[in-house]
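Comments concern the structure below.
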Amino acid sequence: MATLPNPLPKLAADPSGRTLGLELPAGRLIDATHDGSWHEPLLWCADGPAAPGAWAALAPARRTAGLLPVLLDVGGPQGEPEDWELMPAEASYPGDHDAEEVLAEFWEEYAADELSDGEERAEEAFGTPASGDETVAPFGPAWPGLAAAAPLTTDADPDAHAAGTADSLTADGSWLKEPRLALVPARRSADIPAALGWSGPLNYESDPARLCAVLRSWEDRFGIRVVALTFDQLVLSVAAPPTTPAEAEAVAAEHFAFCPDNITQGHHETLRAYAAHAVLNQRTWSFWWD
């Protein structure tokens with residue numbers, strides 16, 4: 001598919017964004033990557049901290065300029081986005097990948113291969129005495145397939161929920177250390193990591209577009225939006241999360257394939273426990289790659 005025109009260069013001559021129908025706070029364009037300067041800006045990032053209401057104020061950017069908001073946490077040891085080792089050259093196009101094929105491939109590698117040797121291999125791989133069967137139960141080595149879509153009710157508007165999640169993440173007491181509001185040229189929220197060339201999952205998957213294909217599927221089935229990124233963490237708002245244990249376990253299987261570290265290095269040692277505590281009725285999902 002043809003690349004959308006990037007409106008960000010217009011902000012070099014008009015930092016306020018008025019020519020794009022925006023009223024931007026002080027900020028800067030960023031083209032820094034792992035391999036030097038990119039041929040065009042990858043994002044605009046505000047210089048000051050984000051506050052509740054800032055996300056909603058920039059919501060018109062999607063309609064007027066084709067720019068999508070995302071929070072970037074610059075308070076970690078990696079600092080500002082210029083130092084995040086962005087790799088746009090590694091990103092393909094999310095629409096060229098099939099979400100279920102991507103997840104099935106990951107499941108085969110991280111569930112079937114790792115767990116087929118039983119308890120000894122499971123303990124070595126996961127650092128837990130749970131057997132391989134216990135770790136991924138109620139599923140086995142074979143990919144269980146995509147979870148069913150959740151119904152989007154009239155009060156589950158994905159964009160409104162994303163704005164509310166962003167407000168929570170920028171309020172006092174948020175676990176984000178120094179969130180900054182950014183704008184990224186992307187077709188849809190799920191594509192933001194690929195548009196940036198985000199390298200957070202690099203030790204797991206070098207092409208972020210393959211993960212974005214899964215995010216697109218979650219957009220369609222659960223109303224997710226990409227709300228925040230740190231150097232190695234992804235935060236999603238979820239307008240229509242699973243509401244039964246069986247539904248949550250089916251989604252948790254996708255999470256395991258998408259980001260095994262959420263379970264193998266997280267607070268929950270089994271997929272069932274993760275589903276119950278991190279997926280069931282949870283309207284924010286987060287993922288971290290070692």
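Every heavy atom of this structure was used, including side-chain atoms; hydrogens, water molecules and symmetry mates were not.
A search for side chain to side chain contact (heavy atoms under 4.5 Å, CB included) contacts involving Asp14 returns Ser16, Arg18, Thr19, not counting sequence neighbours. The side chain to side chain contact (heavy atoms under 4.5 Å, CB included) check on Pro9 picks up Asn6, Pro41, with sequence neighbours excluded. Considering only residues two or more places apart in sequence or on other chains, Glu219 meets the salt bridge (Lys or Arg N to Asp or Glu O under 4.0 Å) condition with Arg188. Applying the side chain to side chain contact (heavy atoms under 4.5 Å, CB included) rule to Glu247 yields the partners Pro242, Thr243, Thr244; only residues at least two apart in sequence or on another chain are considered. Every residue meeting the salt bridge (Lys or Arg N to Asp or Glu O under 4.0 Å) condition with Glu178, not counting sequence neighbours, appears here in chain and number order: Arg180. Here Arg28 pairs with Asp47, Glu80, Glu82 under the salt bridge (Lys or Arg N to Asp or Glu O under 4.0 Å) rule; sequence neighbours left out. Partners of Ala240 by side chain to side chain contact (heavy atoms under 4.5 Å, CB included), not counting sequence neighbours, listed by chain and number: Ala150, Leu152. By the ring pair (Phe, Tyr, Trp, His ring centres under 6.0 Å) test, His34 is found to be paired with no residue, residues two or more places apart in sequence or in another chain being considered.
Summarising the hydrophobic clusters (Ile, Leu, Val, Met, Phe, Trp, Tyr; side-chain heavy atoms under 4.5 Å, direct or chained), the residues clustered with Leu176 are Leu8, Leu11, Leu20, Leu22, Leu24, Leu29, Trp44, Trp55, Leu58, Leu67, Leu71, Leu169, Trp175, Leu181, Leu183, Val227, Val235.
Expressed to the nearest 0.5 Å, how far CD of Glu90 lies from OG1 of Thr33 amounts to 10.0 Å. The CZ atom of Phe256 sits 7.5 Å away from the OG1 atom of Thr135 when rounded to the nearest 0.5 Å. Atom CG of Leu86 is separated from atom CG of Leu42 by 6.0 Å, given to the nearest 0.5 angstrom. Atom CZ of Phe106 and atom CG of Leu211 lie 5.5 Å apart (nearest 0.5 Å). In this structure, Ser189 OG and Leu215 CG are separated by 8.0 Å, a value rounded to the nearest 0.5 Å.
Between the Asp31 side chain and the Ser37 main chain, no donor and acceptor come within less than 3.5 Å of each other. Listed for the Ser199 side chain is no donor-acceptor partner under 3.5 Å among the backbone atoms of Leu202. Distance alone, capped at 3.5 Å, places no donor-acceptor pair between the Ser217 side chain and the Ala213 backbone.
The list of side chain to side chain donor-acceptor pair (under 3.5 Å) pairs with a residue in residues 201-213, not counting sequence neighbours, reads Ser92-Asp207, Glu105-Arg210, Glu205-Arg210. Applying the ring pair (Phe, Tyr, Trp, His ring centres under 6.0 Å) test to every pair with at least one member in residues 260-283, sequence neighbours left out, gives these pairs: His255-Tyr274, His268-His277. For residues 231-243, there are no salt bridge (Lys or Arg N to Asp or Glu O under 4.0 Å) pairs, not counting sequence neighbours.
Hydrophobic clustering places Val136 together with Phe287 (ILVMFWY residues linked when any side-chain heavy atoms are closer than 4.5 Å, directly or through intermediates). No chain of hydrophobic side-chain contacts below 4.5 Å, direct or via other Ile, Leu, Val, Met, Phe, Trp or Tyr residues, connects Leu280 to Val238. Both Leu146 and Trp218 are members of a single hydrophobic cluster when ILVMFWY side chains are connected at heavy-atom separations under 4.5 Å. Met87 and Val70 fall into different hydrophobic clusters, defined by Ile, Leu, Val, Met, Phe, Trp and Tyr side-chain heavy atoms under 4.5 Å apart, directly or through other members. Under a hydrophobic-cluster definition in which Ile, Leu, Val, Met, Phe, Trp and Tyr are linked whenever side-chain heavy atoms come within less than 4.5 Å, directly or via other members, Val74 and Phe231 are assigned to different clusters.
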| request: Show your working on side chain to side chain contact (heavy atoms under 4.5 Å, CB included) between Leu72 and Leu43 and close with a plain yes or no. | output: CA-CA 11 Å; Leu72 304 180; Leu43 69 150; 3.4 Å; yes
| request: Assess whether side chain to side chain contact (heavy atoms under 4.5 Å, CB included) is satisfied between Trp84 and Leu229, documenting all intermediate values. | output: CA-CA 11 Å; Trp84 282 16; Leu229 294 169; 4.2 Å; yes
| Can you list the steps and then say if Glu100 with Trp143 is a side chain to side chain donor-acceptor pair (under 3.5 Å)? | CA-CA 10 Å; Glu100 182 159 22; Trp143 164 240; 3.1 Å; yes
| task | Any chance you could lay out the side chain to side chain contact (heavy atoms under 4.5 Å, CB included) test for Val251 and Phe222, step after step, and finish with the verdict? | result | CA-CA 10 Å; Val251 173; Phe222 307 110; 3.6 Å; yes
| task | Begin with the C-alpha distance, continue with both residues' side-chain angles, and end with the deciding distance and a verdict on side chain to side chain contact (heavy atoms under 4.5 Å, CB included) for Leu236 and Thr284. | result | CA-CA 6 Å; Leu236 310 177; Thr284 303; over 6 Å; no
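Between Pro7 and Pro185, some side-chain heavy-atom pair lies under the 4.5 Å cut-off. Counting heavy atoms from C-beta on, the side chains of Asp73 and Gln233 never come closer than 4.5 Å. You'll find the side chain of Trp107 reaches within 4.5 Å of the side chain of Phe139, heavy atoms only.
Closest approach of Asn262 to Ser286, counting heavy atoms only: ND2-O, 2.9 Å. Looking at every heavy atom in both residues, Ile30 comes nearest to Cys45 through CD1-CB, 3.9 Å.
Taking the six-membered ring wherever Trp is involved, the centroid distance between the rings of Phe258 and Trp289 falls below 6.0 Å.
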